[in-house]
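Report on the structure given below.
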Amino acid sequence: MSTPLAGWTDELARARLHFVTGKGGTGKTTLAASLGLALAKGGRRVLLIEVEGRQGIAQLFDTEPLPYAEQRIAAVPGGGELRALHIDVEAALLEYFEMFYNLGFAGRTLRRMGAIEFATTLAPGLRDVLLTGKIKECVGRTESDGRHTYDAVVVDSPPTGRVVKFLDVTKALTDLAKTGPIRGQADGVVRLLHSGETAIHLVTLLEEMPVRETVEAVAELDGADLRPGAVLVNRVRPPRLPARSVTAAADGRVDASRVRAGLASAGLNLPEGTLDALVEETVEHAVRVAAEQRAREQLAEADLPGLELPDLTDGVDVAALYDLAEALTEQGVR
């Protein structure tokens, strides 16, 4: 099984903030959770953050919906710990009022009046500044001994079509005050997101549309001076044909008599209809393998580290998340 490029790099190992994005349906929430588990190995503490309000993390770990509070969601071999946080925009705005303006009571009054929804509608960039501001606070928080509370923070981010707008806080600032606490907080967010501490990983499948969207997202991230991390290729299925046979089989050139002879030598004598179906399935498989190889070549053009995750035929449960985390660890995630 080949990958677009080498796996996890030393540069990625130094990052502390990991955004995970991808086209809808590629499994970005699953891989964000698995990445969190992988990074927590060896006694590390990792925070997994959700920003879209879908409660996808709670569903994955089969728990109650997450509150706006950091809570332990999984233990990791070696003494590691994965915590999770569902960021509620309204709660984050109230937190800002209380932290920077000492307006806790007034903030609650504003919530009852519907003013918070009005404010985030009036200044759409405010919503993303609030979300990324809370993420920055989690990344920078330290304990009494000076050590960071979290060794790494992983964010289940908006999909690739919206991720640059979400992360490009510089543009969002045009909707906000030119001075003041929120502006100051936003400037700190900009510095973090454009630093070496941050990496934006892209989840894809070996299919035309997700690959195209991934390549376009990489170019868009580069254009916004944001740092793409690794390409995480999800649901990879092993090829069942020798590489030398794929091209011919994909063109429909499968010798049924040779297939029959091979099966007969193994003691299998199949009816004609079954043999025809087997030949047809072989061609379909070869077409898929050839298409996946072209997809890998396209992804390689992005010039990013690449990791592959296996297709889970039995679906995704908590045990599967640990299996995927192990696969990431084997490819260098640390």
Side-chain angles (χ1 to χ4, degrees), residues 1-7 20-31 34 60 159-161 201-218 230-317 319-321 323-324 326-328 330-331:
M1 181 171 65
S2 60
T3 56
L5 277 176
V20 180
T21 184
K23 180 177 170 58
T26 57
K28 71 178 180 65
T29 301
T30 298
L31 293 198
S34 301
L60 272 179
T160 44
H201 310 294
L202 300 106
V203 180
T204 188
L205 307 177
L206 290 175
E207 298 173 2
E208 182 180 358
M209 288 300 291
V211 166
R212 183 186 306 165
E213 194 160 313
T214 297
V215 173
E216 290 172 354
V218 170
V231 174
L232 306 178
V233 185
N234 199 16
R235 300 176 197 157
V236 175
R237 294 168 288 183
R240 305 295 184 187
L241 290 172
R244 65 180 183 278
S245 304
V246 169
T247 301
D251 289 338
R253 290 180 279 126
V254 178
D255 189 336
S257 61
R258 287 187 62 188
V259 174
R260 179 180 291 282
L263 291 170
S265 67
L268 295 172
N269 292 297
L270 301 180
E272 196 65 35
T274 303
L275 181 64
D276 291 342
L278 184 60
V279 169
E280 184 178 345
E281 189 172 332
T282 300
V283 172
E284 290 174 358
H285 175 76
V287 168
R288 176 179 66 77
V289 171
E292 290 176 349
Q293 185 54 43
R294 289 193 296 272
R296 282 192 178 91
E297 291 167 0
Q298 281 183 276
L299 290 173
E301 293 174 7
D303 196 27
L304 293 176
L307 296 86
E308 294 194 354
L309 290 305
D311 186 28
L312 302 175
T313 55
D314 294 330
V316 177
D317 56 14
L321 294 176
D323 289 341
L324 291 172
E326 186 61 35
L328 289 170
E330 290 172 355
Q331 294 176 76

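Just so it is clear, the structure is predicted and the values come from calculations on it, not from any experiment.
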CA sep, side-chain torsions, deciding dist, call: Leu312, Thr30, side chain to side chain contact (heavy atoms under 4.5 Å, CB included) = CA-CA 11 Å; Leu312 302 175; Thr30 298; 5.7 Å; no
Please assess Leu241 against Val289 for the test side chain to side chain contact (heavy atoms under 4.5 Å, CB included), listing each intermediate value before the final yes or no.
-> CA-CA 9 Å; Leu241 290 172; Val289 171; over 6 Å; no
Could you go through the salt bridge (charged side-chain N to carboxylate O under 4.0 Å, His left out) check for Glu308 and Arg296 one step at a time?
-> CA-CA 11 Å; Glu308 294 194 354; Arg296 282 192 178 91; 2.9 Å; yes
Go through the steps to decide whether Leu206 and Leu299 satisfy the test side chain to side chain contact (heavy atoms under 4.5 Å, CB included), and finish with yes or no.
-> CA-CA 9 Å; Leu206 290 175; Leu299 290 173; 4.1 Å; yes
Take Asn234 and Thr26 through the test side chain to side chain contact (heavy atoms under 4.5 Å, CB included) and record every step on the way to the result.
-> CA-CA 7 Å; Asn234 199 16; Thr26 57; 5.7 Å; no
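Salt bridge Glu207/Lys23: absent, no basic N to carboxylate O contact under 4.0 Å. Salt bridge status for Arg288 with Glu292: present, with a side-chain N to carboxylate O gap under 4.0 Å.
For Thr21 (side chain) and Thr160 (main-chain N/O), a donor-acceptor pair under 3.5 Å exists by modelled atom type. Distance alone, capped at 3.5 Å, is enough to place a donor-acceptor pair between the His201 side chain and the Ala230 backbone. Listed for the Asp311 side chain is no donor-acceptor partner under 3.5 Å among the backbone atoms of Arg237. Judged purely by atom type and a 3.5 angstrom limit, Asp317 uses its side chain to pair as donor or acceptor with the backbone of Ala319. Side chain of Asp255 to backbone of Ser257: a donor-acceptor contact under 3.5 angstrom is found.
Leu275 CG to Leu268 CG: the interatomic distance, rounded to the nearest 0.5 Å, is 11.0 Å. Distance check, rounded to the nearest 0.5 Å: CG of Leu263 to CG of Leu270 gives 5.0 Å. A distance of 8.5 Å separates CZ in Arg235 from CG in Leu31, rounded to the nearest 0.5 Å. Between atom CG of residue Leu232 and atom OG1 of residue Thr214 there is a gap of 10.0 Å, rounded to the nearest 0.5 Å.
Of all heavy-atom pairs between Ala286 and Ala250, the closest is CB-N, 3.4 Å. For Val211 against Thr204, the heavy-atom pair with the smallest separation is N-OG1, 3.5 Å.
Looking at residues two or more places apart in sequence or on another chain, you find a side-chain contact (heavy atoms from CB on, under 4.5 Å) between Asn269 and Ala264.
With contacts defined as side-chain heavy-atom distances shorter than 4.5 Å, the pair Leu324/Pro310 qualifies. Leu328 places a side-chain heavy atom less than 4.5 Å from the side chain of Ser34.
For Asp314, the CG atom is loosely surrounded, since the number of other residues' heavy atoms within 6.0 Å does not exceed 12.
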